[in-house]
Amino acid sequence: MYGNQTMPVPATHSPELDAPAAPLLEVFSSIQGEGALIGRRQVFIRFAGCNLKCGYCDTPYTPAAHCRVEKLPGSGAFTSWCNPVQLADVTAYVQSLLDPGSLCHRSHHSFALTGGEPLLHAALLKEWLPRLRTLLPVQVETNGTLPEALRQVLPWLDWISVDIKLESQTGEPTPWDLHREFIELALQVQCCVKLVVGNSTPGEELHRTAKLLQSLTTSTPPKHFDVVLQPRTINGQCSVSGRSLLQQQDILAGYGLDVRVIPQTHCFMQLL
Ligand code: SF4
């Protein structure tokens, strides 16, 4: 069994026990359903807490006394760990997935550190990431508003999936300046910029986004990044018409951006 209520106390001192414990929401293995690493098998670590309040948010990100951990990938059967969670518990869980005796031991491509907003925990991540990265490469999924936090953990990240939060969807003003500063930093590693869009996303928002992204591609040599339009999911379904998505893609592609349209495919597969 996994979990901080069932793990034996190590006989020898482990540096993992010195690392700060984290408020988590979930730990599980699944197929990445969004963005540039779509289709990849990942170990998801979902951190509690967020600094934004997006209108479409479907994640109960408030820290709780317990987090849930899927016992077997895809089983839908969970065990419960007390928060905050020790790094040693997470690494033991992941090592059990990677153990040669496990059916999925060669399946995993990377970690997905997600939330909530994982970069709220940058101080903690500085201590977790060197150890996690000995197990698998690391992708972070972020709302792109905490550039100083990103600066602290950038050396340990392999991929960054960063959202641009459009006001038409979130109901909150888009933090354009923070997004620019964040993405400039994120381009030091492999970066995917994601926009959640709806039928009502105004063209002017997309033009402004495209101009921002285009201005980041003028360096020599040019920095490449993926741009993903993600139609908003409502009740497990893609809520945006194909016609709207084609028009939105046309706007961004018109600025020379490498743009793909990818819905949240894990919803269609009944996966976490
Ligand atoms: S950034 Fe993500 S977790 Fe935070 S409110 Fe927005 S959608 Fe929810």
Side-chain angles (χ1 to χ4, degrees), residues 24-50 52-64 66-80 104 107-118 139-144 159 161-172 192-202 205-206 209 226-249 252 259-272:
L24 300 184
L25 300 171
E26 292 179 314
V27 183
F28 58 95
S29 158
S30 190
I31 297 168
Q32 175 59 258
E34 306 177 5
L37 295 186
I38 188 168
R40 297 289 193 187
R41 184 70 167 270
Q42 293 186 306
V43 179
F44 289 78
I45 304 176
R46 188 181 299 285
F47 289 79
C50 189
L52 299 184
K53 287 187 170 60
C54 305
Y56 55 75
C57 184
D58 59 0
T59 305
Y61 54 76
T62 307
H66 296 87
C67 70
R68 66 176 195 163
V69 181
E70 196 171 29
K71 291 179 178 172
L72 285 173
S75 68
F78 294 89
T79 190
S80 177
C104 63
S107 304
H108 292 88
H109 173 265
S110 47
F111 283 105
L113 306 187
T114 187
E117 174 48 56
Q139 179 196 34
V140 69
E141 299 180 325
T142 168
N143 62 33
W159 298 272
S161 175
V162 49
D163 286 3
I164 288 187
K165 297 293 188 183
L166 299 180
E167 182 172 356
S168 63
Q169 301 307 306
T170 65
E172 300 287 331
C192 171
V193 178
K194 191 181 80 191
L195 297 116
V196 175
V197 292
N199 278 312
S200 62
T201 299
E205 261 188 333
L206 298 177
T209 302
D226 299 294
V227 180
V228 171
L229 280 176
Q230 180 174 294
R232 190 165 163 177
T233 304
I234 298 179
N235 297 326
Q237 302 292 321
C238 172
S239 72
V240 188
S241 71
R243 182 177 170 81
S244 292
L245 290 168
L246 288 167
Q247 291 171 346
Q248 293 170 358
Q249 186 177 38
L252 293 169
V259 55
R260 285 177 281 167
V261 178
I262 305 178
Q264 289 185 297
T265 61
H266 53 287
C267 301
F268 311 148
M269 295 182 278
Q270 285 91 48
L271 287 171
L272 290 171

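When reading the values below, keep in mind they use all heavy atoms of this one structure, side chains included, and skip hydrogens, waters and symmetry mates. Values in this document were obtained by computation on a predicted structure and should not be read as measured data.
Ser168 meets the side chain to side chain donor-acceptor pair (under 3.5 Å) test with Glu205; sequence neighbours excluded. Shown here are the ring pair (Phe, Tyr, Trp, His ring centres under 6.0 Å) partners of Phe47, two or more places apart in sequence or in another chain: His121. Annotation: side chain to side chain donor-acceptor pair (under 3.5 Å) contacts of Thr142 (sequence neighbours excluded): Glu117. For Ala112, the side chain to side chain contact (heavy atoms under 4.5 Å, CB included) criterion is met by Gln32, Gln42, Phe44, Gln139, not counting sequence neighbours. Shown here are the ring pair (Phe, Tyr, Trp, His ring centres under 6.0 Å) partners of His109, two or more places apart in sequence or in another chain: Trp159. Here Thr170 pairs with nothing under the side chain to side chain donor-acceptor pair (under 3.5 Å) rule; sequence neighbours left out.
Side chain of Glu172 to main chain of Gly55: no donor-acceptor pair is present (N/O by atom type, distance under 3.5 Å, no hydrogens or angles). Although no hydrogens or angles enter the test, the distance criterion places a donor-acceptor pair under 3.5 Å between the side chain of Asn199 and the main chain of Ser239.
The side-chain heavy atoms of His66 and Ser80, taken from C-beta on, include a pair separated by under 4.5 Å. With contacts defined as side-chain heavy-atom distances shorter than 4.5 Å, the pair Leu166/Leu206 qualifies.
With rounding to the nearest 0.5 angstrom, the CD1 atom of Ile262 is 4.5 Å from the CD1 atom of Ile38. The distance from the OG atom of Ser107 to the CD1 atom of Ile31 is 9.5 Å, given to the nearest 0.5 Å. The CG atom of Leu52 lies 4.0 Å from the CG atom of Asn143; values are rounded to the nearest 0.5 Å.
Within the structure, the salt bridge (charged side-chain N to carboxylate O under 4.0 Å, His left out) test picks out the following pairs touching residues 259-271 (sequence neighbours left out): Asp226-Arg260. Applying the side chain to side chain donor-acceptor pair (under 3.5 Å) test to pairs two or more places apart or on separate chains, those with a residue in residues 53-64 are Tyr56-Lys165. Among residue pairs with one or both ends in residues 33-46, those qualifying as salt bridge (charged side-chain N to carboxylate O under 4.0 Å, His left out) are Glu26-Arg46, Glu34-Lys194; sequence neighbours excluded.
When all heavy atoms are compared, the tightest approach of Gly144 to Val162 is CA-CG2, 3.5 Å. When all heavy atoms of Ser75 and Lys71 are compared, the pair lying nearest together is OG-N, 4.4 Å. Closest approach of Cys192 and Gly35 over heavy atoms only: SG-CA, 4.3 Å. Residues Val240 and Gly198 share a closest heavy-atom pair of CG2-CA, 3.6 Å.
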task: Apply the test side-chain contact (heavy atoms from CB on, under 4.5 Å) to residues Leu195 and Asp163: give CA-CA distance (whole Å), side-chain angles for both, the deciding distance (0.1 Å), then the verdict.
output: CA-CA 6 Å; Leu195 297 116; Asp163 286 3; over 6 Å; no
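A donor-acceptor contact under 3.5 angstrom links the side chains of His108 and Ser29, judged on distance only.
With Val261 as the partner, the side chain to side chain contact (heavy atoms under 4.5 Å, CB included) test is satisfied by one option alone out of Leu245, Leu252, Val197: Leu245.
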Distance-only criterion, 3.5 Å: show the donor-acceptor pairs between side-chain atoms of residues 228-235 and protein atoms not counting sequence neighbours.
residue, atom, partner, partner atom, Å
Arg232, NH1, Gln169, OE1, 3.1
Thr233, OG1, Gln264, OE1, 2.6

